[in-house]
Protein chains: 2
Amino acid sequence: MASKDRILRLKEETRCNILDASLKIVKEGGWDALSMRKIADEIEYTAPIIYEYYASKDAILMELTRKGFLLLAKQLEEARDRHRLPEKQLQAMWSAYWDFAFAERELYQVMYGVRVSCCEMAKIMPESEMPMDLIWDVIVELMLPHVGTEEEVCIKYYTFWSVIHGLISINMVNRGNTDETNQEVLKTAITGIIRSIKG
Amino acid sequence: MASKDRILRLKEETRCNILDASLKIVKEGGWDALSMRKIADEIEYTAPIIYEYYASKDAILMELTRKGFLLLAKQLEEARDRHRLPEKQLQAMWSAYWDFAFAERELYQVMYGVRVSCCEMAKIMPESEMPMDLIWDVIVELMLPHVGTEEEVCIKYYTFWSVIHGLISINMVNRGNTDETNQEVLKTAITGIIRSIKG
DNA sequence: TGTACTGTTTAACAGTGTTAAATAAATTTA
DNA sequence: TAAATTTATTTAACACTGTTAAACAGTACA
């Protein structure tokens, strides 16, 4: 009867190995490199065996996503418990959130649907800078008569873009908020930043 | 010799048809549904013909990305030209940016690497709400003694999250900013929002 | 008319997720 | 212990993916 336990333990271990192997492959070659056969190679089995443990590739991604959220929650709690005042807590928590995103970059990607540049050279594409340039100019004008340094304008620009792009991403990937909430968030953020630019 | 022109015109048209067909397929079934054979079906050719016009599938995505940036830039310009004051211009431009993202949702996705929930049920996963709950609570506490409504807290939360998630996405998908710039943007935004919460 | 060239398709390769059938190993039963 | 049954694992296959090479058709030119 103890052998039943041992077998169950072994099964649980393989289940875990599959996740570990997946993450390893992704860390080495990105999410596109992840395939059932490569996972099988890594755990020294053949592909169909994986289906004894997970119903599909999606189920594996799902489990990794779940683990990601759990880990993030844990780190947020730890950050919170390092402080007493709510404002300090919030600051520490968002800082922990930021650190998590880059320490566990692959998990964050699958958790929030951030795809790393589908066509690699999108960054070398001059057209991709046109929207930025247009808005950049208006920010510069808004700061007049003070002539902002490149760094200053850059910070303003990215603050704007982050709010908008973040809100858009969240609405696209997850269920969306109500339209009113979105507009409220946008209005609050944008007018806030504009005020901060004008001093 | 005019026939040469006609043939060139036809080629240009097919080049364009390929893009149109691609976008149509994506709008109907999402980016995963896009395949060379389906594009070929749509333009009533066989798959290898596409390689006479685009070097690879990636090249097609790239061209769509380019068109996206051009369209976005155009709409930003139009928004700007509807106003005179820089602050009004900025507001209109970001509003146009927002509208573009959802009017041309597929283009926005390929432009900025926003993948729509890889494993569809991530939203039904209770763990995915743990990080939000943790931060939610601290925001509520920060607002004390005023007891915020659900809507109020929600707006604060999403304002925070948008800034952070937006900045993270941008850094992951494109080339990153310098660390100092990131930290500056983060600090500015977070302290700003915290201040606005405390009134 | 025959030759070169261009447009287009068929066939194939290597890869993907996934499933069904075949086989090997272990366990239970007689 | 030997046979029967169950479990673990693999091989083979299907339908799909992007991509390429070879075959075929059609047009233009000599």
Side-chain angles (χ1 to χ4, degrees), chain A residues 1-19 21-26 28-65 110 115 117-121, chain B residues 1-19 21-26 28-65 110 115 117-121:
Chain A
M1 303 306 114
S3 77
K4 276 267 192 289
D5 275 19
R6 197 206 63 218
I7 284 177
L8 271 180
R9 220 168 38 237
L10 274 178
K11 279 210 137 199
E12 193 49 48
E13 200 181 311
T14 316
R15 243 186 95 82
C16 199
N17 285 345
I18 291 173
L19 291 187
S22 304
L23 207 51
K24 185 186 168 200
I25 294 166
V26 172
E28 280 166 2
W31 283 101
D32 285 345
L34 184 64
S35 84
M36 298 303 255
R37 285 169 177 87
K38 279 195 203 124
I39 298 174
D41 257 26
E42 196 71 42
I43 63 172
E44 296 181 295
Y45 275 110
T46 49
I49 270 293
I50 304 176
Y51 292 87
E52 303 285 317
Y53 298 87
Y54 295 95
S56 64
K57 188 182 178 183
D58 242 39
I60 296 177
L61 297 192
M62 185 108 153
E63 194 60 26
L64 285 174
T65 305
V110 73
R115 160 188 279 140
S117 64
C118 53
C119 36
E120 195 51 57
M121 328 75 171
Chain B
M1 302 307 116
S3 77
K4 275 267 192 293
D5 274 18
R6 199 205 61 219
I7 285 178
L8 272 180
R9 221 167 37 237
L10 273 178
K11 278 211 137 198
E12 193 49 49
E13 200 180 311
T14 316
R15 242 186 97 83
C16 198
N17 285 346
I18 291 174
L19 291 188
S22 303
L23 207 50
K24 185 186 169 199
I25 293 166
V26 172
E28 280 166 3
W31 284 101
D32 286 345
L34 183 65
S35 84
M36 297 304 256
R37 285 170 177 85
K38 279 196 203 123
I39 297 174
D41 258 27
E42 196 70 42
I43 63 171
E44 296 180 293
Y45 276 110
T46 50
I49 271 292
I50 304 177
Y51 292 86
E52 303 284 320
Y53 297 88
Y54 295 95
S56 65
K57 188 182 179 183
D58 243 39
I60 296 177
L61 298 192
M62 184 107 153
E63 194 59 26
L64 285 175
T65 306
V110 75
R115 160 187 278 138
S117 64
C118 54
C119 35
E120 196 52 57
M121 327 76 172

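Chain A is the first sequence line, chain B the second, and so forth, proteins listed ahead of strands; every chain is numbered from 1.
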* Looking at CD1 of A/I39 and CD1 of A/I18, how far apart are the two atoms once the value is rounded to the nearest 0.5 Å? -> 7.5 Å
* Between A/Y54 and A/M62, is any pair of side-chain heavy atoms under 4.5 Å apart? -> no
* Taking the side chain as C-beta and beyond, is there a heavy-atom pair between B/R15 and B/E12 under 4.5 Å? -> yes
* Provide, to the nearest angstrom, the distance between the CD1 atom belonging to A/I43 and the P atom belonging to D/dA8. => 14 Å
Distances under 3.5 Å between nitrogen or oxygen atoms of protein and nucleotides 21-26 of chain C:
none

* Asked: Taking atom C1' of D/dT7 as reference, at what distance in whole Å does atom CG of A/L10 sit?
  -> 14 Å
* Asked: Tell me: CD1 of A/I49 to P of D/dA8, nearest whole Å?
  -> 9 Å
* Check whether any side-chain heavy atom of A/I49 sits under 4.5 Å from a side-chain heavy atom of A/T14, and report yes or no. => no
* Within a strict 4.5 Å, meaning less than it, do heavy atoms of the A/I60 and A/E63 side chains meet? -> no
Please write out the pairs of protein N or O atoms and N or O atoms of nucleotides 16-20 of chain D separated by less than 3.5 Å, giving the distance to one decimal.
residue : atom : partner : partner atom : Å
D/dT17  : OP1  : B/S35   : OG           : 3.1
D/dG18  : OP1  : B/M36   : N            : 3.3
D/dG18  : OP1  : B/K57   : NZ           : 2.9
D/dG18  : OP2  : B/M36   : N            : 2.9
D/dG18  : N7   : B/R37   : NH1          : 2.7
D/dG18  : O6   : B/R37   : NH2          : 3.0
D/dT19  : OP2  : B/Y51   : OH           : 2.9
D/dT19  : OP2  : B/K57   : N            : 2.9
D/dT19  : O5'  : B/Y51   : OH           : 3.2
D/dT19  : O4   : B/R37   : NH2          : 3.2

* Asked: Is there a side-chain contact between B/L34 and B/L61 (heavy atoms, below 4.5 Å)?
  -> yes
* Asked: Between D/dT10 atom C1' and A/E52 atom CD, what is the distance in whole Å?
  -> 12 Å
* Do A/V26 and A/V110 have side chains that get closer than 4.5 Å, going by heavy atoms? -> no
* To do: Kindly give the heavy-atom pair with the smallest separation between B/M36 and B/I50, and that separation in Å.
  => O-CD1, 3.3 Å
* To do: Nearest whole angstrom, please: distance from the P of D/dT11 to the OH of A/Y45.
  => 14 Å
* Structure fact -> When rounded to whole Å, the CG to C1' distance for the pair A/L61 and C/dG17 reads 12 Å
